[in-house]
Amino acid sequence: MSGVYPERRVVTEPQWLTPAQQYAWRALMDGHQRLMAALNRQLQRDSDLTIAEYRILVLLSEAPGRSLRMSELADGVLSSRSKLTHQIQRLESQQMVRRNTCVEDGRGVLAELTDEGMRRLEAAAPGHVEAVRHHFVDLLAPDQLEVIAEVFGKVDKEIGQHPG
């Protein structure tokens with residue numbers, strides 16, 4: 001029967017979180033969810049963009065030629081290819097993005113930020129930055145921001161290297 005069943009992990013007693021660790025973990029989850037919801041509401045109300053769409057426009061605006069391969073864009077916004085395709089379709093329907101075939105190899109698909117997309121991004125950015133300041137940056141001391149950047153830089157790097 002070898003090979004029929006996948007290897008089974010030895011079940012051990014979980015190393016439960018201490019009260020302080022649990023408090024930190026839940027504060028992170030709740031705070032992150034509330035922050036993203038507040039930023040998403042502001043963008044939708046003021047600019048008719050979701051935070052995911054805003055991130056796509058930002059990455060495209062920062063890319064050489066304002067375009068990226070769809071696979072690179074999906075990696076950049078931490079999205080699945082299928083979810084990104086749906087988001088790009090919505091942005092295309094509003095003439096903010098267009099898709100083109102990659103001229104280097106003819107197989108890849110490029111997402112390109114249009115002038116309309118750049119205009120919409122530039123119009124949305126001031127309100128978004130104000131909301132980020134109000135709901136996040138201005139609540140923290142500079143040393144707290146440094147710690148957050150260091151901690152989540154470390155988390156992002158570790159998970160990025162070992163996504164499983």
J.: Show the numbers, then the answer: is there a salt bridge (charged side-chain N to carboxylate O under 4.0 Å, His left out) between Arg119 and Glu122?
T.: CA-CA 5 Å; Arg119 185 193 68 72; Glu122 288 172 342; over 6 Å; no
J.: Mind listing the side-chain donor-acceptor pairs of residues 133-146 below 3.5 Å, one per line with the distance, residues two or more places apart or on another chain?
T.:
| residue | atom | partner | partner atom | Å |
| --- | --- | --- | --- | --- |
| Gln144 | OE1 | Ala141 | N | 2.7 |

J.: To the nearest 0.5 angstrom, please state how far the OG atom of Ser61 sits from the CG atom of Leu113.
T.: 6.5 Å
J.: Which pairs with one or both residues in residues 19-31 pass salt bridge (charged side-chain N to carboxylate O under 4.0 Å, His left out), sequence neighbours excluded?
T.: none
J.: If you measure from CE on Met96 to CG on Leu91, what distance do you get to the nearest 0.5 Å?
T.: 4.5 Å
J.: Is it true that Arg90 and Glu53 make a salt bridge, defined as a side-chain N closer than 4.0 Å to a carboxylate O?
T.: yes
J.: With a cut-off of 3.5 Å and sequence neighbours excluded, list every side-chain donor-acceptor pair involving residues 37-45.
T.:
| residue | atom | partner | partner atom | Å |
| --- | --- | --- | --- | --- |
| Asn40 | OD1 | Ile51 | N | 2.7 |
| Gln42 | NE2 | Asp46 | OD2 | 3.0 |

J.: Take a 6.0 Å sphere around CD of Gln94 and say whether it holds more than 12 heavy atoms from other residues, nucleotides or ligands.
T.: yes
J.: Does Leu59 belong to the same Ile/Leu/Val/Met/Phe/Trp/Tyr cluster as Val109, with side-chain heavy atoms less than 4.5 Å apart forming each link?
T.: yes
J.: Show me the side-chain donor-acceptor pairs of residues 70-86 shorter than 3.5 Å, one per line, residues at least two apart or across chains.
T.:
| residue | atom | partner | partner atom | Å |
| --- | --- | --- | --- | --- |
| Glu72 | OE1 | Arg69 | N | 3.4 |
| Asp75 | OD1 | Arg81 | NH1 | 3.3 |
| Ser80 | OG | Ser82 | OG | 3.4 |
| Ser80 | OG | Lys83 | N | 3.1 |
| Thr85 | OG1 | Arg81 | O | 2.9 |

J.: Got a second to check how far Gln87's CD is from Thr50's OG1, nearest 0.5 Å?
T.: 6.0 Å
J.: Count I, L, V, M, F, W, Y as connected when their side-chain heavy atoms are under 4.5 Å apart, and connections chain through other members. Are Val129 and Val132 then in the same cluster?
T.: no
J.: For the pair Glu92 and Arg99, find out whether any cationic side-chain nitrogen is under 4.0 Å from an anionic carboxylate oxygen.
T.: yes
J.: Does Gln95 offer a backbone N or O that forms a donor-acceptor pair with the side chain of Thr114 under 3.5 Å?
T.: yes
J.: If we ignore hydrogens and angles and just use 3.5 Å, is the side chain of Ser67 paired with the main-chain N or O of Leu110 as donor and acceptor?
T.: no
J.: Rounded to the nearest 0.5 Å, what separation is found between the CD atom of Gln21 and the CH2 atom of Trp16?
T.: 13.0 Å
J.: Please list all pairs meeting ring-ring contact (aromatic ring centres under 6.0 Å, His included) that have one or both residues in residues 22-57, counting only residues at least two apart or in different chains.
T.: Tyr54-His128
J.: For the hydrophobic clusters of this structure (ILVMFWY residues joined by side-chain heavy atoms under 4.5 Å, transitively), does one cluster hold both Leu28 and Val147?
T.: yes
J.: Can you see which heavy atom on Leu57 is nearest to which on Gly117, and at what distance?
T.: CD1-O, 4.3 Å
J.: Enter the distance from Leu49:CG to Arg120:CZ here, rounded to the nearest 0.5 Å.
T.: 5.0 Å
J.: Going by ring-ring contact (aromatic ring centres under 6.0 Å, His included), name the pairs with one or both residues in residues 56-79, residues two or more places apart or in two chains.
T.: none
J.: A quick test of your reading: do over 12 heavy atoms of other residues, nucleotides or ligands sit less than 6.0 Å from CD of Gln161?
T.: yes
